[in-house]
Structure formats: structure tokens, C-alpha cells
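So the structure is just underneath, and the comments pick up after that.
Sequential numbering from 1 along the given sequence is applied to the chain's residues. All heavy atoms count here, side chains included; hydrogens, waters and symmetry mates do not.
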Amino acid sequence: MGKTWVGSALLRALRSEGVAVAARKPAQSFDPADGPTDADLLAAASGQSPHDVCPAHRWYERPMAPFMAAEALGRPPFTLADLVGELHWPEGVEVGLVEGAGGPLSPMASDGGDTADLAAILKPDLVLLVAEAGLGAINAVRLATRPFEPLAPVVVLLNRYDRGDGLHRANRDWLVERGGFDVRTDPATVTRPATPAP
């Protein structure tokens with residue numbers, strides 16, 4: 001749903017303001033024929049090496065959940081604790097972005113640990129939830145934010161938002177005015193205080 005595109009845009013915006021950033025994707029699975037991986041894109045946006053973003057042994061060349069890809073490729077299973085233990089940050093980082101795999105409750109490790117579990121361990125200052133702006137947005141946002149609400153403030157980014165689309169506007173307005181969500185439509189605004197939409 002555009003997590004990597006949004007994360008990359010946010011990292012580029014922060015770097016343009018002189019903020020020291022770094023990105024981490026604990027494990028990634030992909031189709032080698034599809035072009036740059038998530039780690040490649042996040043690395044380009046943050047000015048890092050792709051293998052700093054995601055360790056080389058956590059690249060799985062099969063488009064399925066990382067732990068499933070590892071099993072399909074005959075590679076060792078791994079736990080969420082394994083992934084957390086491999087997270088290292090360079091000195092001087094002011095904003096560190098960690099991208100999960102799949103949705104909040106999609107298992108990303110062999111022990112069933114998911115992105116919400118990862119957030120519970122990492123205790124982030126902010127959770128950024130990326131959702132589509134069109135049909136189903138309200139349900140998707142309400143379901144996906146619940147696992148994170150006890151952990152940290154949640155900002156919702158409506159991806160591919162089009163102000164000219166009546167459904168997009170209605171969804172955004174409902175989420176803000178009736179749902180009480182902090183909703184953004186531009187990745188560059190994620191780390192700033194919320195302002196009313198034009």
C-alpha cells in the first residue's frame with residue numbers, strides 16, 4: 001500500500017531540512033524481476049547502503065512473507081527477537097524509520113511476531129500508518145490503528161490522495177472529524193503538527 005514510497009518521501013523531506021536520518025527494514029522478501037527492493041529505495045532516500053537498511057542475510061528472493069520466503073528457500077527460521085537484535089543505528093541519527101512487512105498483524109518472523117509486536121518492543125515515538133485514500137479507507141484505518149494505539153501516537157497517511165476526488169475528501173473528513181485521527185496527505189508533513197486540510 002505504498003509504505004516504502006511514503007517512507008522514502010519522508011526521509012528525503014527530512015534530509016532536505018538537514019535532519020540526520022536512517023532507515024531499517026529488518027527483513028524483506030521480493031521478486032528479483034521487479035527492480036529495486038524496499039531496502040534499495042529506503043537506502044537511496046536516506047543516503048545509506050541497502051545492506052545497512054536490511055542485512056544481506058535477511059534478503060529473501062521470494063514474494064511472500066519473509067519467514068515464509070525463508071522456509072521456501074531452505075534458509076534458517078528466525079524470530080522477532082533475532083530481527084530486533086540485528087537493528088543497529090549509526091551515531092548522530094535524529095530520526096530513525098523502521099518499516100515492517102505486510103500489515104500490522106501480518107507475521108514477519110517464524111515465531112509469529114508481527115509489526116505491532118515489533119513496535120511494542122521498539123517503543124517508537126510515532127507510528128506512521130499508510131492507507132489507501134479510496135473505498136474501504138475508513139475500515140482499514142480503524143482496524144489497522146488499533147494494535148498501535150496503546151504504544152505510541154499514530155499518524156495516518158492517505159496514500160495517493162486526490163483533493164479532486166469526492167470519496168477521498170469524504171474519507172479524510174470522516175477520519176479526522178468523526179474518527180479523531182491525525183490524518184495527513186503529504187509525507188513531508190508527517191513530523192509537523194497537524195493543520196486543517198484546505
Side-chain angles (χ1 to χ4, degrees), residues 1-28 37-48 52-54 66 80 83-84 87 89 93-108 113-134 136-162 168 171-176 179-197:
M1 292 206 299
K3 294 190 304 293
T4 303
W5 183 88
V6 169
S8 296
L10 173 58
L11 291 165
R12 285 192 298 270
L14 290 169
R15 286 183 74 198
S16 73
E17 297 172 1
V19 178
V21 301
R24 295 292 181 265
K25 188 169 180 77
Q28 69 169 359
T37 68
D38 291 350
D40 291 318
L41 296 172
L42 292 169
S46 60
Q48 302 173 272
D52 286 333
V53 174
C54 182
L80 194 63
L83 299 181
V84 171
L87 283 174
W89 300 98
V93 168
E94 297 171 90
V95 175
L97 182 147
V98 179
E99 182 181 298
L105 301 182
S106 298
M108 58 187 296
D114 54 38
T115 301
D117 294 325
L118 180 64
I121 294 168
L122 297 181
K123 297 178 173 52
D125 297 317
L126 178 75
V127 171
L128 175 59
L129 178 79
V130 179
E132 292 298 329
I138 293 173
N139 180 65
V141 168
R142 295 179 79 191
L143 286 173
T145 54
R146 286 186 182 175
F148 298 119
E149 286 170 352
L151 307 176
V154 179
V155 170
V156 176
L157 189 290
L158 292 181
N159 197 21
R160 302 182 183 92
Y161 180 82
D162 178 359
H168 288 196
N171 284 341
R172 185 218 166 268
D173 291 348
W174 193 98
L175 288 166
V176 172
F181 293 97
D182 181 350
V183 179
R184 312 298 175 92
T185 58
D186 177 357
T189 68
V190 165
T191 58
R192 301 174 190 160
T195 55

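You'll find the side chain of F181 stays beyond 4.5 Å of the side chain of V176, heavy atoms only. Looking only at side-chain heavy atoms (C-beta outward), D114 and P104 stay at 4.5 Å or farther from each other. Between V190 and L126 there is a side-chain heavy-atom pair separated by less than 4.5 Å. For the pair V84 and P26, the minimum side-chain heavy-atom distance is 4.5 Å or more. The shortest side-chain heavy-atom distance between V95 and T191 does not fall under the 4.5 Å cut-off. Side-chain contact between V6 and L128 is present, with heavy atoms from C-beta onward closer than 4.5 Å. Between V21 and V93 the shortest side-chain heavy-atom distance does not fall below 4.5 Å. Considering only heavy atoms from C-beta on, L83 comes within 4.5 Å of M108 through its side chain.
The side-chain contact (heavy atoms from CB on, under 4.5 Å) test applied to P107 returns F67, not counting sequence neighbours. Listed by chain and residue number, Q28, D40 satisfy the side-chain hydrogen bond (donor to acceptor under 3.5 Å, both in side chains) test with T37 (two or more places apart in sequence, or in another chain). Considering only residues two or more places apart in sequence or on other chains, D186 meets the salt bridge (charged side-chain N to carboxylate O under 4.0 Å, His left out) condition with none of them. Every residue two or more places apart in sequence or in another chain that forms a salt bridge (charged side-chain N to carboxylate O under 4.0 Å, His left out) with E17 is listed here: R192. Applying the side-chain contact (heavy atoms from CB on, under 4.5 Å) criterion to T4, with sequence neighbours excluded, gives S8, D38, L41, L42, E99. The side-chain hydrogen bond (donor to acceptor under 3.5 Å, both in side chains) search around T115 returns none, not counting sequence neighbours. The side-chain contact (heavy atoms from CB on, under 4.5 Å) search around A9 returns R12, P187, not counting sequence neighbours. Partners of I138 under the side-chain contact (heavy atoms from CB on, under 4.5 Å) rule, at least two apart in sequence or in another chain, are R142, N171, W174, L175.
Listed by first and then second residue, the side-chain hydrogen bond (donor to acceptor under 3.5 Å, both in side chains) pairs that reach into residues 116-127 come to none, sequence neighbours excluded.
Judged by distance alone, the side chain of R24 and the main-chain N or O of D52 form a donor-acceptor pair under 3.5 Å. Judged by distance alone, with hydrogens and angles left aside, the side-chain atoms of R184 form no donor-acceptor pair with the main-chain N or O of L158 at under 3.5 Å. Using modelled atom types, one side-chain atom of E94 and one backbone atom of A20 make a donor-acceptor pair closer than 3.5 Å. H168 places a side-chain N or O within 3.5 Å of a backbone atom of D162 that can act as its donor or acceptor partner.
Looking at every heavy atom in both residues, G100 comes nearest to K3 through O-CE, 3.8 Å. Smallest separation of non-hydrogen atoms from W89 and G96: CZ3-CA, 3.6 Å. Minimum heavy-atom separation, L151 to A120: CD1-N, 3.8 Å. Heavy-atom minimum distance, L80 versus G113: CD2-CA, 4.1 Å.
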Could you walk me through whether L97 and L10 pass the side chain to side chain contact (heavy atoms under 4.5 Å, CB included) check?
CA-CA 9 Å; L97 182 147; L10 173 58; 4.3 Å; yes
Pair L122-V98, side chain to side chain contact (heavy atoms under 4.5 Å, CB included): steps then yes or no:
CA-CA 9 Å; L122 297 181; V98 179; 4.1 Å; yes
